[in-house]
Amino acid sequence: MKIRSSSKFNYSFALAILVLNSCNAPADKESKDSTAAVAPAATVAETPVSQPVVSHIYTADPSAHIFNGRIYIYPSHDTVTGAPENDNGDHFDMNDYRILSMDSIDGAVTDHGVALKLSDIPWAGKQLWAPDAAFANNTYYFYFPAKDKKGIFKIGVATSRSPQGPFKAEAKPIDGTYSIDPCVFKDDDGSFYLYFGGIWGGQLQRWNNNKYDSSGKLKQAEETAILPRMAKLKPDMKSLAEPVKEIKLVDEQGNLFKEKDNDKRFFEGPFVHKFNGKYYFSYSTGDTHNICYAIGESPNGPFTYKGILLKPVKGWTNHHSIVEKDGKWYLFYHDVQLSGKTHLRNIKVTELEYNPDGTIKTINPYK
Ligand code: FUB
């Protein structure tokens, strides 16, 4: 089984990029790590279509929102802790969150500092993975996955009066949640929905009918692939209004994908947005590294597969969000341009375009 390591990494690309960016590497202790990929030979590098949004820290899994006319980015904050690199994703050992903002896509970026840290989350044990945020009730809500003290991923919520934080975490994770990668979508009627899930290190394979089984296995090639999950949120934004349900992600014939369809089936990183009255469910295919998307008529699905939104990036993980600003649509994503290392990522942004029929033009992150 291919591991979540830099094994997919293109080493000639790594050398070219490391040389190009040696002056830009994050200035804190993370840049002192000397185990970056070593290239056997230099060749002409592929050119990224965009540059890192910031280079003073490592950031990943960007969830972008427009609050009060300003772009706020809620990313993971990648860091070096020496945790081992494995299929479980132990090397993604993040212990705080930082929030970034800018007034336009090309504008100066403000780093608002530490918004929430592991030691201030009463229930969490380790690994602060991909977060999201929402605004309701005159409050900003920050949703985040973390392993609890028993090593089981749950989803927590923290609140602030400001989109930049700092956020105060609730004492317990959101009842009924599990796994990773929360995405909160607000529909036009004011309802909020929580989407989540991730297989492999994200532990979704351990949850069947919302019951935990520590020996839960990944599916075999001919079995139906594991499905992402969702639930409507209560108006308090801190609890689920209904039991968690599976999201039907189907092909054009209405069939669920099998595990062997791993270039299309859900792996992690769900994201939902609305365009021209349709609901777009996009996600990472994980071990095949695509961001794909599917379209539905309801926030509950089913969602019908439409294609690849973002081709694989350098690094193992691929994770995104989509936001509209001043009449244009943007894709936030990450790669490993600054470090060449799979767990030290940098967020990026590029324009996203729709075709007249509502499908999305596939983005290749390199020219
Ligand atoms: O950043 C840790 C994990 O890597 C995220 O939760 C996944 O989506 C992947 O990007």
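What you see below is based on every heavy atom in this structure, not just the backbone, and it leaves out hydrogens, waters and symmetry mates. Order of listing sets the numbers, starting from 1, for every ligand and every atom in it.
Here Asp132 contributes atom CG and Phe142 contributes atom CZ; the two are 8.5 Å apart, rounded to the nearest 0.5 Å.
For Asn68, the side chain to side chain contact (heavy atoms under 4.5 Å, CB included) partners two or more places apart in sequence, or in a different chain, are Tyr140, Pro163.
Here the shortest heavy-atom distance to atom 4 (O) of ligand 1, taken over His319, His77, Met94, Arg345, belongs to Arg345.
Between Asp78 and ligand 1, no N or O atom pair is found at a separation short of 3.5 Å. The shortest N/O to N/O separation between Asp181 and ligand 1 falls below 3.5 Å.
Pairs engaging residues 186-212 under the salt bridge (Lys or Arg N to Asp or Glu O under 4.0 Å) rule: Asp187-Lys274, Asp188-Lys274 [sequence neighbours left out].
The pair Glu297-Lys278 counts as a salt bridge, with a side-chain nitrogen and a carboxylate oxygen less than 4.0 angstrom apart.
Those atoms of ligand 1 that come under 4.0 Å of a heavy atom in Thr317, given as number and element, are 4 (O), 9 (C), 10 (O).
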